[in-house]
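Nothing here was measured: the structure is a model prediction, and the numbers come from that model.
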Amino acid sequence: MNLEQKDIAGMRMAYEMGQLNEDDLAEDPLVQFQQWFNEAVDKGVMEPNAMTLSTVSASGKPSSRIVLLKHVDRHGLGFYTNYTSRKGTELAATPYAALLFFWPELQRQVRVEGKVEKLPAEAADAYFRSRPKGSRLGALVSPQSREIANREELDDQLHVLEENYRDTDDIPRPEHWGGYLLLPEQIEFWQGRNNRLHDRLVFKKENEVWRIARLAP
């Protein structure tokens, strides 16, 4: 089979939008993250809260997928999902993960690593109620990450639920669906620079104190 080949090796662009110095950083990396996140929103980045979530299985095999950031506070970064999905079962076996935000419009990345714990049920209930009705019904229908016979199986089950809840907006949060909070132990801020000599400043938590270091690009 012949595949049309693009010049992948020749794909490149210059990173010349900015620089990142130690004096530019907030003392708290979560404050710094919020500043960069706000800039991404203000600049019209498409889905600035989209992030790559990487987990590892009990046997040490990594997996990654895009999820949406839905919660930020002074403790960490949160997201919601099906606890019985692949990421849910992997987090149950190994409660550590990595997050990656890439905002090409700003030529920036943020990498976050740390321990993951479940958010309280009250937080999951509140967020679940805030979701569009269709998304809540979808959470009830989907056995996330499991094999299904076909698309029609999902559509038929969704149609049944739409009829059952046609006259009400009171849809219960399923027990298998909820939130996680990643508690950062390391956060790296990456700003693209010319000649691939990018700026990389990393916060590392040592004895509950954040230390800043510069990494070679």
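- Residues Gln32 and Asp28 bring no donor and acceptor atom of their side chains to less than 3.5 Å of each other.
- Of the options Glu113, Gln186, Arg111, a side-chain contact (heavy atoms from CB on, under 4.5 Å) to Val202 is made by Gln186 and by none of the others.
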Practice problem: For side chain to side chain contact (heavy atoms under 4.5 Å, CB included), just list the numbers for Gln191 and Trp36, CA-CA rounded to whole Å, side-chain angles, deciding distance to a tenth of an Å, and then say yes or no. | Solution: CA-CA 11 Å; Gln191 177 70 61; Trp36 270 25; 4.2 Å; yes
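- Judged by distance alone, the side chain of Arg200 and the main-chain N or O of Ala216 form a donor-acceptor pair under 3.5 Å.
- Looking only at distances, a side-chain donor or acceptor of Asp24 sits under 3.5 Å from a matching main-chain atom of Asn21.
- Residues Tyr180 and Phe101 fall within the same hydrophobic cluster, defined by Ile, Leu, Val, Met, Phe, Trp and Tyr side chains chained together at heavy-atom separations under 4.5 Å.
- Of the residues Ser57, Ser63, Ser85, the one that meets the side chain to side chain donor-acceptor pair (under 3.5 Å) test with Glu90 is Ser63.
- Crowding of Arg196 atom CZ: a count of heavy atoms from other residues, nucleotides or ligands under 6.0 Å exceeding 12.
- Note: the hydrophobic cluster containing Phe189 does not contain Val209 (ILVMFWY, side chain heavy atoms under 4.5 Å, direct or indirect links).
- Using a cutoff of 4.0 Å between basic side-chain nitrogens and carboxylate oxygens, Arg214 and Glu22 are scored as salt-bridged.
- Between Phe79 and His71, the gap from one ring centroid to the other reaches at least 6.0 Å.
- The neighbour count for Glu27 CD, taken as heavy atoms of other residues, nucleotides or ligands under 6.0 Å away, does not exceed 12.
- Looking at every heavy atom in both residues, Pro174 comes nearest to Ala139 through CG-O, 4.2 Å.
- A salt bridge links Arg108 to Glu39: one of the charged nitrogens lies within less than 4.0 Å of a carboxylate oxygen.
- The neighbour count for Met11 CE, taken as heavy atoms of other residues, nucleotides or ligands under 6.0 Å away, is above 12.
- Nearest heavy-atom pair, Val41 versus Pro48, reported as atom, atom and distance to 0.1 Å: CG2-CG, 3.8 Å.
- Side-chain atoms of Asp73 come within 3.5 Å of backbone atoms of His75 as a donor-acceptor pair (strictly under, hydrogens ignored).
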Practice problem: Start with the C-alpha gap between Leu99 and Leu69, add the side-chain angles, then the distance that decides, and say whether side chain to side chain contact (heavy atoms under 4.5 Å, CB included) holds. | Solution: CA-CA 10 Å; Leu99 304 174; Leu69 175 71; 5.7 Å; no
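- Residue Trp210 comes nearest to Pro184 through the heavy atom pair CH2-O, 3.5 Å, listed as atom of the first residue, atom of the second, then distance.
- Considering all non-hydrogen atoms of both residues, Asp170 and Tyr165 come closest at O-CE2, 3.7 Å.
- Side-chain contact between Val141 and Val160: absent, with no pair of heavy atoms (C-beta onward) separated by less than 4.5 Å.
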Self-check item: Worked check of side chain to side chain contact (heavy atoms under 4.5 Å, CB included) between Leu137 and Ile171
Solution: CA-CA 8 Å; Leu137 293 176; Ile171 301 170; 3.7 Å; yes
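- Ion pair Arg136/Asp169 flagged as a salt bridge, since at least one NZ, NE, NH1 or NH2 atom sits closer than 4.0 Å to an Asp/Glu carboxylate oxygen.
- Comment: Lys43 does not engage Glu105 in a salt bridge, judged by the lack of any side-chain N to carboxylate O separation of less than 4.0 angstrom.
- Between Asn194 and Ala14 the shortest heavy-atom distance is OD1-CB, 4.3 Å.
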Quiz item: Step by step, would you call Arg211 with Glu206 a salt bridge (Lys or Arg N to Asp or Glu O under 4.0 Å)?
Solution: CA-CA 7 Å; Arg211 181 178 68 86; Glu206 299 177 356; 3.1 Å; yes
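- Residues Leu158 and Leu154 are members of one and the same hydrophobic cluster, defined by side-chain heavy-atom contacts under 4.5 angstrom among Ile, Leu, Val, Met, Phe, Trp and Tyr.
- Atom CG of Asn207 sits in a sparse spot, with 12 or fewer heavy atoms from other residues, nucleotides or ligands closer than 6.0 Å.
- Contact annotation: the side chain of Leu77 approaches that of Phe33 to within less than 4.5 Å [non-hydrogen atoms, C-beta and beyond].
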Practice problem: Would you please test Leu25 and Leu20 for side chain to side chain contact (heavy atoms under 4.5 Å, CB included) and show each step? | Solution: CA-CA 8 Å; Leu25 295 177; Leu20 182 61; 3.9 Å; yes
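- In this structure, Tyr80 and Tyr127 have parallel ring planes: the angle between them is below the 30° cut-off, well short of the 60° mark.
- For Glu175, the CD atom counts as loosely surrounded, since its 6.0 Å shell holds 12 or fewer non-hydrogen atoms of other residues, nucleotides or ligands.
- Exactly one residue among Arg86, Lys87, Arg65 makes a side chain to side chain donor-acceptor pair (under 3.5 Å) with Thr81. That residue is Lys87.
- Minimum interatomic distance between Leu182 and Gly114 (heavy atoms only, all atoms of both residues): CD2-N, 3.9 Å.
- Follow the hydrophobic side-chain contacts under 4.5 Å out from Val112 and you reach Val72 in the same cluster.
- Atom CZ of Arg131 is surrounded by more than 12 heavy atoms from other residues, nucleotides or ligands within 6.0 Å.
- Proximity of the aromatic rings of Trp177 and Tyr83 is defined here by a centroid distance below 6.0 angstrom, and this criterion is not met.
- Lys133 places a side-chain N or O within donor-acceptor distance of the main-chain N or O of Thr168, the cut-off being under 3.5 Å.
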Practice problem: Kindly indicate, with the supporting measurements, whether the criterion side chain to side chain donor-acceptor pair (under 3.5 Å) is fulfilled by Asn82 and Thr84. | Solution: CA-CA 5 Å; Asn82 187 317; Thr84 64; 2.5 Å; yes
